[in-house]
Number of protein chains: 2
Amino acid sequence: MQLSENKTDVRNKASEATREALLASGTELFAELGFDGATVDHIARQARANKAMINYHFGGKQGLYEAILTATFAPSRERFDSLRESTQPADARLAGFVEIFVEMATRRPAFPAMILREALSGGRHISGRTLPYFISIFALVREIVEQGMREGIFRPVDPFCTHLGLIGSLVFFFSTAGFRDRLVAEGKLPLKPPDPQAYVRHILELMKRGLAAEGGL
Amino acid sequence: MQLSENKTDVRNKASEATREALLASGTELFAELGFDGATVDHIARQARANKAMINYHFGGKQGLYEAILTATFAPSRERFDSLRESTQPADARLAGFVEIFVEMATRRPAFPAMILREALSGGRHISGRTLPYFISIFALVREIVEQGMREGIFRPVDPFCTHLGLIGSLVFFFSTAGFRDRLVAEGKLPLKPPDPQAYVRHILELMKRGLAAEGGL
DNA sequence: GTCTATAGGCTGATAGAC
DNA sequence: GTCTATCAGCCTATAGAC
């Protein structure tokens, strides 16, 4: 009995390992090459797994893609939910949102590029059930801005514009980091690009000053 | 003689027409589906042209792609060059840059998505000669910010961060406009998204307040 | 669970008639 | 310049051995 369990454990672990390897290489290659650009052959080779394993574990290329999207969002879902119910002032909540986003982008560097590609192609590869979830997370910024205006911390601004401006500058920075690194490595970009922390500090300072209520300075 | 010339004219015009049609449908489909996602068959069909014409006019799919990138930038190239040599104060030049960018994005709505996709995939589909040109245009923002700091109009900020934040929020907004429109049309987004003019005004105001020198208010 | 071999479809490109 | 017909190559997915 114990032996049998151990044997199953080992098998599960091995199975789990190839599953994770496929998720990892898939994330990287989908982000860099897009859904059509990344081939299952390439993904499997990079994961040192067999091509057929993508079918076995995820039911196909499309299944792997969706599994990656949900697997990446899932760990931060709780943090977003608790932020949504937080009673902090608006500026602290806004900083909290950025913090969670940066943490996600740091843990899975390829993720910003994937959601951006999804937005570019009109959510073509996301299932109908997954889409509202993404929208609700990003709408959180909008809610926070509205709260800040009610509290008198922020000047009157369009919440949707503010939302898009913040998300845009964050997603753009993290999704194109690889490109900048490549340009620097090839000597095509003479300047050293900013590191993520410095960039985030810059954006938060810009938002703080740019959104501040007139009397609040 | 005259007859012969007319005949040539007609032929040239017809040829020019299919060329333009291929450029137009290519721009749209590359932006929406990416380089690998858009097939030459699909592009030719949408242009009501023959598949083989892509080879004849542009020497292949790759040739069409590069022709689109240069053809879109070319009309604005002079305006960027004159802005580079302008002696206006930094804040006016920054607004001028945004104006040219918005004009480009309005005339060719699919263009922001194309350059963004290019950045995501590390400039894989741009030839080595075209790349520096893109970089120099976007570096213009950095130069303007540095000028503003020298003039004392802007507070001390990292020019590269400012550059990335502005470009990011603009490119993101225009490249994902189609996605937002689709969500609204399908009733998945309850709010009406901002129109481009309102968004640009918002961003310029945010930058103006966010970058203002301490004593300058 | 993992592998190999292969099916079946689609892709970009071109040769050759008009 | 434009078209049709066709090619070779690559893609995803799967059947079947282990």
Side-chain angles (χ1 to χ4, degrees), chain A residues 3-27 29-30 32-68 117 121 124-125 127, chain B residues 3-30 32-69 117 121 124-125 127:
Chain A
L3 196 100
S4 162
E5 270 179 15
N6 281 348
K7 221 173 175 181
T8 312
D9 269 15
V10 169
R11 276 190 189 149
N12 283 346
K13 266 182 190 162
S15 172
E16 193 64 21
T18 66
R19 224 189 106 93
E20 290 299 321
L22 286 170
L23 284 171
S25 73
T27 309
L29 291 171
F30 280 136
E32 193 179 337
L33 305 165
F35 184 82
D36 297 291
T39 66
V40 289
D41 204 80
H42 195 168
I43 294 169
R45 209 180 328 125
Q46 179 161 321
R48 292 176 201 279
N50 192 280
K51 217 166 58 150
M53 288 300 97
I54 290 175
N55 252 279
Y56 177 79
H57 283 289
F58 305 99
K61 186 185 189 178
Q62 173 81 25
L64 172 62
Y65 187 87
E66 283 186 32
I68 287 170
R117 280 207 137 93
S121 48
R124 178 168 290 104
H125 311 106
S127 73
Chain B
L3 196 102
S4 161
E5 270 179 16
N6 280 348
K7 221 172 172 181
T8 312
D9 268 18
V10 169
R11 273 188 191 149
N12 283 345
K13 268 182 187 160
S15 173
E16 193 64 20
T18 65
R19 225 189 105 92
E20 289 300 320
L22 286 170
L23 283 171
S25 72
T27 310
E28 199 174 308
L29 291 171
F30 280 136
E32 193 179 336
L33 306 165
F35 184 82
D36 297 290
T39 67
V40 289
D41 205 79
H42 194 169
I43 294 168
R45 210 182 325 127
Q46 179 161 322
R48 293 176 201 278
N50 192 281
K51 214 168 60 151
M53 289 300 96
I54 290 176
N55 251 276
Y56 178 78
H57 284 288
F58 306 99
K61 186 185 189 178
Q62 173 83 23
L64 172 62
Y65 187 87
E66 282 187 32
I68 288 169
L69 283 181
R117 280 208 139 92
S121 48
R124 176 169 289 103
H125 311 105
S127 74

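So you know, we letter chains A, B, ... as the sequences are listed, proteins then strands, and number each from 1.
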Short N/O separations, protein against nucleotides 14-18 of chain C, under 3.5 angstrom:
| residue | atom | partner | partner atom | Å |
| --- | --- | --- | --- | --- |
| dT14(C) | OP2 | Asn55(B) | OD1 | 2.9 |

Quiz prompt | Minimum-distance nucleotide (side-chain atoms of Lys61(A) versus dT12(D), dT2(C), dG1(D)) | solution = dT12(D)
Quiz prompt | Reported CZ-to-OG distance for the pair Arg48(A) and Ser25(A), which is rounded to 0.5 angstrom | solution = 11.0 Å
Exercise. Flag the pair Arg19(A) / Phe58(A) as yes when at least one side-chain heavy-atom distance between them is below 4.5 Å, and no otherwise.
Key: yes
Quiz item: How far does CG of Asp41(B) sit from CD of Gln46(B), to the nearest 0.5 angstrom?
Solution: 12.0 Å
Quiz item: Expressed in angstrom and rounded to an integer, what is the separation of Tyr56(B) atom OH from dC3(D) atom P?
Solution: 13 Å
Quiz prompt | Any residue of residues 36-45 of chain A with a heavy atom less than 4.0 Å from an atom of DNA chain C | solution = none
Quiz item: Within this structure, what is the CZ-to-P distance between Arg19(A) and dT2(C), rounded to whole angstrom?
Solution: 12 Å
Quiz item: Between Glu16(A) (CD) and dT2(C) (C1'), how many Å, whole number?
Solution: 16 Å
Quiz item: Roughly how many Å is it from CG in Leu22(B) to C1' in dC3(D), rounded to a whole number?
Solution: 14 Å
Quiz item: Rounding to a whole Å, what distance do you find between Met53(A):CE and dT4(C):P?
Solution: 11 Å
Quiz prompt | Between dG1(D) (P) and His57(B) (NE2): distance, integer Å | solution = 7 Å
Practice problem: Can you label the angle between the Phe35(B) ring and the His125(B) ring as parallel, tilted or perpendicular, going by 30° and 60°? | Solution: parallel
Quiz item: How many angstroms lie between CD1 in Ile68(B) and CD in Glu28(B), if you round to the nearest 0.5 Å?
Solution: 10.5 Å
